[in-house]
Amino acid sequence: MENAGYIALSRQLALRREMSLVAHNIANMNTPAFKAEKMIFREHITEPARGEALSFVQDIGTARDLSAGPVSTTGNDLDLAISGQAYFSIETAEGVRYTRHGRFQLDGQGRIVDGLGDLVLSSAGAPIIVPPDAGSLTISDDGTVSSNAATIGRIGLYEFEKESELKREGNGLFSAEGQQPQDAVKSRIVQGALEQSNVQAIIEMTRMIDIHRSYESTAKLIKDEHDQFMRSVGKLTSLRQN
């Protein structure tokens, strides 16, 4: 394969990875609090022993869109959205993780848990246990959980200095990756609401179409390069036979 073919192939591989990321975004456009991601590319230049330097396409990672998704009202007491950049803390089998997916519920022991049954932690890092006779719950904007009878606890809300460096895991969870969570100062909880995904369907579909066209264009370039090479081989073979 000639140099043009290698360069086109590097572009094609990058486009395939970008298409996978766009498809992942679209698949999660209805997932509460999901944050869209996009590829980061850079030009990778190599200098062969002879000839001009070659410029390849190289993807060096992904960037997460940290903007908040729209908030929709559900009316459920344990559906909680966050206004601000904070995260809830969740106790999982792998340790404490963080999420903005605020669809919570009570388990059989009256503890507030997430959709997987993992504990939602209080500001003191402990489970929040709701008494059986508590009745309806009120959760104030600072996370204080109250019933008609008494204050039950306060949901922990944390912010991170380098939010973009939180590592995404499954089920809307993030690990802190060595960062120390800070008590949220500017963020507030909205009871009876959920943050929706910040994926914008029209933008993602447009990106998908652009990627598809670029992929086809690159494939045609590779095919043309191959056809030209085969014609050259054919001419050389013909000259030798004559």
Side-chain angles (χ1 to χ4, degrees), residues 1-46 54-74 79 81-88 90 97-103 114-116 160 162-175 177 193-229:
M1 186 180 294
E2 296 297 320
N3 290 333
Y6 286 117
I7 293 171
L9 184 59
S10 75
R11 172 64 174 157
Q12 205 169 38
L13 291 173
L15 287 169
R16 289 185 62 179
R17 288 190 284 270
E18 187 177 17
M19 179 66 91
S20 296
L21 196 61
V22 170
H24 184 66
N25 288 340
I26 292 175
N28 285 282
M29 60 187 297
N30 293 318
T31 302
F34 179 83
K35 304 297 184 187
E37 292 183 330
K38 63 180 181 181
M39 300 286 298
I40 301 176
F41 297 105
R42 73 176 181 185
E43 184 180 21
H44 177 70
I45 298 177
T46 62
L54 301 179
S55 174
F56 295 91
V57 179
Q58 182 181 24
D59 58 290
I60 59 175
T62 59
R64 189 180 309 130
D65 178 1
L66 299 176
S67 63
V71 173
S72 62
T73 300
T74 66
D79 281 350
I82 297 175
S83 173
Q85 299 299 313
Y87 290 74
F88 302 108
I90 308 293
R97 297 292 186 267
Y98 301 90
T99 187
R100 289 176 63 89
H101 189 331
R103 177 166 286 164
D114 66 6
L116 297 176
F160 295 87
K162 299 178 180 177
E163 183 185 356
S164 61
E165 295 183 8
L166 293 176
K167 183 180 179 181
R168 171 173 274 166
E169 299 183 351
N171 303 307
L173 298 174
F174 295 86
S175 60
E177 289 291 287
L194 280 177
E195 178 186 353
Q196 301 301 316
S197 167
N198 69 355
V199 173
Q200 299 183 52
I202 294 177
I203 292 178
E204 296 297 331
M205 291 302 295
T206 302
R207 287 175 59 194
M208 181 173 281
I209 292 171
D210 289 342
I211 293 169
H212 181 69
R213 288 175 175 170
S214 297
Y215 192 90
E216 284 189 330
S217 176
T218 306
K220 183 176 183 305
L221 177 63
I222 294 175
K223 182 178 182 304
D224 291 344
E225 181 75 9
H226 174 73
D227 290 344
Q228 183 178 358
F229 177 77

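What you see below is based on every heavy atom in this structure, not just the backbone, and it leaves out hydrogens, waters and symmetry mates.
Of the inter-residue distances, the one linking I26 atom CD1 with I203 atom CD1 reads 11.5 Å to the nearest 0.5 angstrom. Put simply, NE2 on H24 and CG on L21 are 7.5 Å apart, with the number rounded to the nearest 0.5 Å. Note that the CZ atom of R213 and the CG atom of L15 stand 14.0 Å from one another [nearest 0.5 Å]. In this structure, CD in Q200 is found 10.5 Å from OG1 in T206, a value given to the nearest 0.5 Å. Separation of atoms OG1 (T99) and CD1 (I82) is listed at 8.0 Å; rounding is to 0.5 Å. Atom CG of D65 sits about 9.0 Å away from atom CG of N25, to the nearest 0.5 Å.
At a threshold of 4.0 Å, the pair E195-K35 counts as salt-bridged, since one of the basic side-chain nitrogens sits closer than that to a carboxylate oxygen.
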Item to complete: Kindly determine whether S72 and Q196 satisfy side chain to side chain donor-acceptor pair (under 3.5 Å), including the steps that lead there.
Response: CA-CA 7 Å; S72 62; Q196 301 301 316; 2.7 Å; yes
Fill in: Verdict with reasoning, D114 to H101, per side chain to side chain contact (heavy atoms under 4.5 Å, CB included)
CA-CA 8 Å; D114 66 6; H101 189 331; over 6 Å; no
Discussion item. Show, in sequence, the C-alpha distance, side-chain angles and deciding distance for E204 and K38, and conclude whether the salt bridge (charged side-chain N to carboxylate O under 4.0 Å, His left out) test is met.
Written reply: CA-CA 10 Å; E204 296 297 331; K38 63 180 181 181; over 6 Å; no
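Scanning for side chain to side chain contact (heavy atoms under 4.5 Å, CB included) contacts around E165 gives K162, Q179, with sequence neighbours left out.
When all heavy atoms are compared, the tightest approach of M19 to H212 is CE-N, 4.0 Å. A pairwise comparison of heavy atoms in P70 and S197 identifies CD-O, 3.6 Å as the closest pair. Here the closest non-hydrogen pair linking Y215 and Q12 is CE1-CG, 3.0 Å. Scanning all heavy atoms of the two residues, the minimum distance from G102 to L194 falls at C-CD2, 3.6 Å. Taking each heavy atom of I222 and A8 in turn, the nearest pair found is CG1-CB, 3.6 Å. L166 and R64 make their closest contact through O-NH2, 2.8 Å (heavy atoms, listed as atom of the first residue, atom of the second, distance).
For R97 and Y87, the positive end is not near the middle of the six-membered ring at less than 6.0 Å and at most 45° from its axis.
Contact of the F34 side chain with the M29 side chain is not registered, since no non-hydrogen atoms from C-beta on lie closer than 4.5 Å. E163 places none of its side-chain heavy atoms less than 4.5 Å from the side chain of Y98. Contact of the R11 side chain with the L221 side chain is not registered, since no non-hydrogen atoms from C-beta on lie closer than 4.5 Å.
The main-chain N or O of L66 is never found under 3.5 Å from a side-chain atom of N198 such that the two would form a donor-acceptor pair. Side-chain atoms of R100 do not come within 3.5 Å of backbone N or O of A81 as any donor-acceptor pair.
Between F160 and F174, the gap from one ring centroid to the other reaches at least 6.0 Å.
No more than 12 heavy-atom neighbours from other residues, nucleotides or ligands sit within 6.0 angstrom of CZ on R16.
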